[in-house]
Each structure stands twice: as C-alpha cells, then as structure tokens.
Protein chains: 2
Amino acid sequence: MVEDERISRADRRRRTEEAIVTAARRQFGELGYERTSIRGVAAEAGIDPALVMQLFGNKEALFSAAASAGVGLEALTGATTSELARAAAAHLFADFEDAERRGGAEALLRSCLTHPAAGAVLRDQVMAPTQAAVAATIGGDDAELRAAVLNACTLGVTIARYLLEDPVLAAADRTDVERILGPALEAIVSTGA
Amino acid sequence: MVEDERISRADRRRRTEEAIVTAARRQFGELGYERTSIRGVAAEAGIDPALVMQLFGNKEALFSAAASAGVGLEALTGATTSELARAAAAHLFADFEDAERRGGAEALLRSCLTHPAAGAVLRDQVMAPTQAAVAATIGGDDAELRAAVLNACTLGVTIARYLLEDPVLAAADRTDVERILGPALEAIVSTGA
DNA sequence: GTGTTCGGTCAACGCGTGTAGAGTGAACGT
DNA sequence: ACGTTCACTCTACACGCGTTGACCGAACAC
C-alpha cells in the first residue's frame, strides 16, 4: 500500500493472498468460524471483501486454507512405547508454540465444536491418524482406546491452555506442564499389556 | 397444543417456559451459540419467536437459562487424594450420562470456545472452583498446576467423547474409559509431594 | 357480568452477512 | 505502441438474524 515500487503481478497476488490467509487465520483462531466475517478479514488485510471471494471462492474454502497448515504429526510413528507419551504431548503443543503454525492450529481447534467441517477434519484427519500410529506402537487389547484417551488428554490440555486460557495453565511454563502431563500419558500407554 | 382441557395460566406459562428451555438446551448443545437461532428454538418449542423474547429478554439470557443447570461438582471436596482422581473423572462424565443434566452441560461446553461468556463461565465458575478444591486436597508445590492439568484431561476426554464424538471414545463403555483414565489422573496427583 | 391481567401471535424494523456482477486501471505479451 | 489480461474495487442483492410494539383472546379478580 505504501510500498509500490514496480511489483510484478504474480508477486502482488502472492502477497495479497498471504495477507488474506494471515488475517483469516488470526480471526478464525480468535473468534471462531461464525463470528469471523469475510468483511472483517478483508478489512484486516487491507483489501476489498469481494476480492476474498474472487481468490478463495467462499467462506468455507477460506477457512480450509487458513486451517490447513499447522497440524502435522510427523515424528511420532517411529517412537518406542516409552518415548511415545512425551512425544505425543509435545506434538500438539509444538503447533501452538511455533508462531508460524499457531494460527492454523488455533483456527481449526477454535471452531471444532461448532463448525461441523472443522470437527470432521480434526476428528478424521488429525486425531484418527495419530491414534492409529499410537495404537500400533503400544500393543494390548485396548490399544485403540488407550490411544484415544491419550489423544483426548493432550487435546484437553491444549484447549485449556491456549484457547480457554485457564489462568493457571496459561501462565505455567511449557516444560512444567509437560513434566506433569508426561507421567500421566505414560500411565495410559503402559498399564495395559 | 392437542391437549387443552382447562389449563391454568400459571401452568400454561410454566409449561411453555420449560418447552423453550428444553428446546434451547438441545439446540445450543448441538449447534452452539451462534448457529442456534431464537426462531429455531421457538419453532421446536411450538410457539412464536417473540414469546421467547418476552419471557427471557434476549438471546444471551436464554443461553444462560439453558446452560445454567447441569454443571455441579458436589462431592469432590471431601475426597482423599487417592479417591480424588477417579471422583474427578466421574464428575464431568456424570453430567453427560444423566439425560436430565446433559443438555445444559453440552450447551455450555459446545460454545465455550467461540462464545466469550460461555468460556468465562466454564473457566471461572466450573473449572476454577474444581481446581481449587483439588489443589487443596493434594499438597505440594505444583498443586494448582497439577489440579489444572487434571481438569484439562477430564475436559479433553469429555469433549472428545461427547462433543467431537471421536468414534473410538464414543463407542467405548464408560467404565472402560474410566479404567484407563483413572491411573493417568492418579499419576498427576501423586507424583509430586 | 364486567373490567383487567396476561400468555400468546403478527407484522415489521434495522442490521450484518455471504455472495454476484459490472467496471477500472495498471502490468503484461507481442 | 497496443490490445489483452488480471488484480482489484464498487454497488447491490437477497437473506436470516435479534429485537420491538401493537394487537387478540382466554383466564382471572371482583
């Protein structure tokens, strides 16, 4: 806007798309799907609302673009049972501690209870694969259920700390939380088989 | 509607109020605050939208009335440290297993991430007191943080099971979930002091 | 019986939303 | 140099929302 020294069309587009997605991530993450409006995102990105439509098609697609990045679970499949608990704990946290990825993860999690599509993505594309990997590592009869509980606990702490902003949990140091959560998750994976 | 055999005015009012709150609980619980409309609630209750306004004032008040019941934490303060873990686990579950109270609890939890008031109520009026009670029972330096993590885990499992409807967790028997979650919560409260 | 209260309906308001289509001016290929 | 492409804006539509005030008829008090 204030800088305009001969920018190529491709660059211009890339920049605006990025500005839109960034603004969208911030608002979806802070307000959730319903309270976030295309007009609001456009205003924060400094462009016209209609341009958002033109570039992303509709609000749903914009949300997908905003929530897509930031929920990877790499480096969990190879762990041994004993490492796995702490790895799983650190996994979701990582998305929120990294400023780069936090936006997307927050957007997805914020809306997962009220927006059906977000809930489906979280359930089927984030939690299910993680649970499958964990269940495969730990054995026993209840492997799947144990993995699900482990996942749910991590989810709960993440939600309470970063979204609900429970005063105690939000103020605590990350390592302290992991120190307390770690043994609990170990208890989940190790009691059975 | 089909029954009309001389109903007193007081009875009539009580019945409609109840019908409205019931419908509101169902819709707030299923759809969340934003997607639930006064028109929709009125339709399900079989009355005019304006009547909801007349009886409850505004949407916010209706939500409060719908979400108020169902989140009690009685019988947690007296427990010893060893009992406490399982008691805390059973506590939030109870609200969801009892068909009577489930509506209110679900309404509150469904909207806690997207509706600021709901989040504040859950944080300050449900989680904080529980944490204080738990922290008082278990000792040690990190008592508060431990209590917070314990609460967050319970919250996570409840959300995953009843709201996100994680297939594994939702299908599992309640006692199985408690059997796995119990030791984990015990690990949280017992590792420290 | 009569006047009043009150549960309930009806029609309408102002607003914010997602979205569509025509238009504009600068970067582009030739 | 010129016609085209394309990022971008402006205006506007249709809709659903929360909310309001006037109105109606039956239960009430006397």
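In what follows, chains carry the letters A, B, and so on, assigned in the order in which the sequence lines appear, proteins first and then strands, with residues in each chain numbered from 1.
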Strictly below 4.0 Å: does T16(B) bring a side-chain N or O up to OP1 or OP2 of dG8(C)?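 Affirmative; the distance criterion is met.
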From E178(A), E106(A), E97(A), residue fulfilling salt bridge (charged side-chain N to carboxylate O under 4.0 Å, His left out) relative to R161(A):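 Answer to the salt bridge (charged side-chain N to carboxylate O under 4.0 Å, His left out) test with R161(A) among E178(A), E106(A), E97(A): E97(A).
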Could you tell me how far apart [X] ([atom1]) and [N] ([atom2]) are, to the nearest whole angstrom?
X: Q54(A); N: dT24(C); atom1: CD; atom2: P; value: 16 Å
X: D48(A); N: dG21(C); atom1: CG; atom2: P; value: 16 Å
X: I7(B); N: dG8(C); atom1: CD1; atom2: C1'; value: 13 Å
X: I20(B); N: dG7(C); atom1: CD1; atom2: P; value: 11 Å
X: K59(B); N: dC17(D); atom1: NZ; atom2: P; value: 9 Å
X: M53(A); N: dT19(C); atom1: CE; atom2: P; value: 4 Å
X: R12(A); N: dT5(D); atom1: CZ; atom2: C1'; value: 17 Å
X: F63(A); N: dG18(C); atom1: CZ; atom2: C1'; value: 16 Å

Mark yes or no for a side-chain to base donor-acceptor pair under 3.5 Å between R39(A) and dG16(C), with no hydrogen or angle criteria applied.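 Absent.
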According to salt bridge (charged side-chain N to carboxylate O under 4.0 Å, His left out), who are the partners of E18(A), at least two apart in sequence or on a separate chain?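 Salt bridge (charged side-chain N to carboxylate O under 4.0 Å, His left out) list for E18(A), sorted by chain: empty.
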Quick check for you: to the nearest 0.5 Å, what is the distance between D48(B) atom CG and I38(B) atom CD1?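 One gets 11.5 Å once the value is rounded to the nearest 0.5 Å.
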Proximity to the side chain of S37(A) - top-ranked nucleotide from dT5(D), dG18(C), dG21(D):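 Taking heavy atoms from C-beta onward, the closest nucleotide is dG18(C).
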Among the nucleotides dT19(C), dT9(C), dA7(D), which one has an atom lying closest to any side-chain atom of N58(A)?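 That would be dT19(C).
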With L55(A), which residues qualify under side chain to side chain contact (heavy atoms under 4.5 Å, CB included), at least two apart?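 By the side chain to side chain contact (heavy atoms under 4.5 Å, CB included) rule, L55(A) matches R13(A), E17(A), I20(A), L51(A).
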What is the nucleic acid contact for R13(B), judged by heavy atoms within less than 4.0 Å: base, sugar-phosphate only, or nothing?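 Sugar-phosphate contact only.
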Taking for each residue the nucleotide of DNA chain C with the nearest heavy atom, is it T36(A) or E17(B) whose nucleotide lies nearer the 5' end?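 Nearest nucleotide further toward 5': that of E17(B).
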Once the angle between the rings of Y162(A) and F96(A) is folded into 0 to 90°, is it parallel (under 30°), tilted (30 to 60°) or perpendicular (over 60°)?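 Judged by the thresholds at 30° and 60°, the geometry between Y162(A) and F96(A) is parallel.
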